[in-house]
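Working notes for the structure below.
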There are 2 protein chains.
Amino acid sequence: MKFIPNLSYDCVIFGFNGKTLKILILEYHNTGLFALPGGFIKKDQSLKDAVNKGVEDRTGLTNVFMDQFQVFDKPDRANVFDMRRILEGNNKDLEENSWMLERFLTVGHYALINYEDVDPKPDHLSDSIGWYDIDNVPQLMMDHNEIVDKALEVLRNNISEKLIGMNLLPQKFTMKQLQQVFEAILDQTLRRTSFQRKMLSLDILERHEKLFEGKAHKAPYLYSFKQ
Amino acid sequence: MKFIPNLSYDCVIFGFNGKTLKILILEYHNTGLFALPGGFIKKDQSLKDAVNKGVEDRTGLTNVFMDQFQVFDKPDRANVFDMRRILEGNNKDLEENSWMLERFLTVGHYALINYEDVDPKPDHLSDSIGWYDIDNVPQLMMDHNEIVDKALEVLRNNISEKLIGMNLLPQKFTMKQLQQVFEAILDQTLRRTSFQRKMLSLDILERHEKLFEGKAHKAPYLYSFKQ
DNA sequence: GATTATTGTAATTAAATGAGACAATAGATA
DNA sequence: TATCTATTGTCTCATTTAATTACAATAATC
């Protein structure tokens, strides 16, 4: 067995389409079961490499911002029944894959990516993968809904202090777009002038050329994050 | 094997003696190796139960405030050489315990306890356990120094927003003691009047009787946290 | 050239924090 | 008993930070 037994990772991949916060969810072949993208860790592989590989396989993206946030470990979190359905739905040998029916602890991660860059790709076990609004996530297998909830909570706590919102945007963006990211994550409206003043005072933004959208009003500047 | 393979926990147990922040460190028999209190997770045990058990065994305390904060996973973090010394130093059979020489990922936790309540007890593998000032931690085995550093960082980030400092104090404490906890954790002096005003404005403290210490000055009130 | 929607920034208010002042007081001193 | 000392609790005022409002600038439309 090339994997570390009883241990997996799952990743809540966040994207932002300009209006709402979304996450990537996949559906397994012939089961109707929805789940977070996840996987196992090879015996000589770092956790980070394993998750990066999983994210890359599903999104095509490398160098994605990501962070582990909690181990989910309830002894009864694995659902043997569901796991069996997934294996059977994919015509996998049950004997050979019996290790997958054991108890698993999973390391919860979240990743932030630029929505526009992604063309979600199902892996060999799942027949679809797609974006779901954060407030419209379907019932997921095992404790994955709990993992999503916790990921969102951690993201909310981190957005202000760690300034990670940029990872959800293209490299150059307007102040309004940045504000919309904050508003989507925090689920509250922010004051335009205070937000702008705050962001500029942090001295983390570089100002570029204006963005002319052909709209009948003053054109906003584009910004990027320094280095 | 009754444990989950390749996975362990380690716990940075913080205490406060009124002056400085301290952590519990144990030394293994006949090896000169220092380490954090840690252990393994039984196949049907929750992570939290496992860590609680470990903390209780070493301190005698139950219902301790504790939080997991990171998985440490470097494929080369285990030091086979050190592990062998520990097993040999305890006259353990190497064959039988060879699983302990494999790669381990560990879930880092920190715990906050009332220093006065604790009489540290070595476990069967270690011949001493004791308090060390946070700025005078000896060289620890594997990546345990890194775990300590990270635990302190997380504690510093959490002290203000999550108000967990109370766990380092007896149930009733003076405003000065509370300030000293904050100062020890943040490693900076705070303004007495601002600190007092801030704490009182948060509406989390309950005021009790005064504490008469027999000193020639006004006696301070005792406070406790509202449940 | 006037109009419209939005942007960038300045001006004004309000809130939080820093810094100091001072009365209250538990015991020590004499 | 009266005075002195160290510390506490609270107040005031200055300073900093943040919220709110106001307004000029401007890109395209009419």
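Quick note on labels: first sequence line is chain A, next is B, and so on, each numbered from 1. Atoms considered below: every heavy atom in the structure, side chains included; atoms not considered: hydrogens, waters and symmetry mates.
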So what does Ser201(B) touch, heavy atoms closer than 4.0 Å: a base, only the sugar-phosphate, or nothing?
nothing
Separation of atom CZ in Phe212(B) from atom C1' in dA6(D), rounded to whole Å:
16 Å
Heavy-atom count around Gln139(A) CD within 6.0 Å, excluding the residue itself: above 12?
no
Grab the CG-P distance between Leu211(B) and dG9(D) for me, whole Å please.
10 Å
Taking only side-chain N and O atoms of Arg197(B), does any of them lie within less than 4.0 angstrom of OP1 or OP2 on dA15(C)?
no
From CZ of Arg191(A) over to P of dG8(C), roughly how many Å is that when rounded to an integer?
19 Å
Taking atom C1' of dT21(D) as reference, at what distance in whole Å does atom CZ of Phe195(A) sit?
20 Å
Considering only heavy side-chain atoms of Lys210(A), the closest of dT26(D), dT17(C), dT5(D) is dT26(D)
Could you pull out the closest heavy-atom pair between Leu24(B) and Leu36(B), with the gap in Å?
O-CD2, 4.4 Å
In whole Å, what is the span from the CE atom of Met175(B) to the C1' atom of dA6(D)?
19 Å
Would you mind telling me which residue lines up with the more 5' stretch of DNA chain D, Glu213(A) or Leu222(B), judged by nearest nucleotide?
Leu222(B)
OP1 or OP2 of dG9(D) less than 4.0 angstrom from a side-chain nitrogen or oxygen of Lys218(B), does that happen here?
no
Looking only at atom types and distance, does a side-chain atom of Gln68(A) sit under 3.5 Å from a main-chain N or O of Val71(B), one as donor and one as acceptor?
yes
Less than 4.0 angstrom from a charged side-chain N to a carboxylate O is my criterion; do Glu153(A) and Arg156(A) meet it?
no
Less than 4.0 angstrom between a side-chain N/O of Lys215(B) and OP1 or OP2 of dT7(D), yes or no?
no
Spacing between Arg192(A) atom CZ and dC23(D) atom P, to the nearest angstrom
15 Å
Is the shortest side-chain N/O distance from Ser194(A) to OP1 or OP2 of dA18(D) below 4.0 Å?
no
Whole Å only: how far is the CG atom of Leu190(B) from the P atom of dT17(C)?
13 Å
How would you label the contact of Thr193(B) with the nucleic acid (heavy atoms, under 4.0 Å): base, sugar-phosphate, or nothing?
base
Tell me the interatomic distance from His208(A), atom NE2, to dT7(C), atom P, rounded to whole angstroms.
18 Å
Side chain of Arg207(A): nearest nucleotide among dT9(C), dA26(C), dG9(D)?
dT9(C)
Ranking dT5(D), dA6(D), dA27(D) by distance to the side chain of His217(B), first place goes to dA6(D)
Find which nucleotide of DNA chain D each of Lys198(A) and Ala219(A) is nearest to by heavy atoms, and output the residue with the more 5' nucleotide.
Lys198(A)
Main-chain N/O of Pro138(B) paired with Asn145(B) side-chain donor or acceptor, under 3.5 Å:
yes
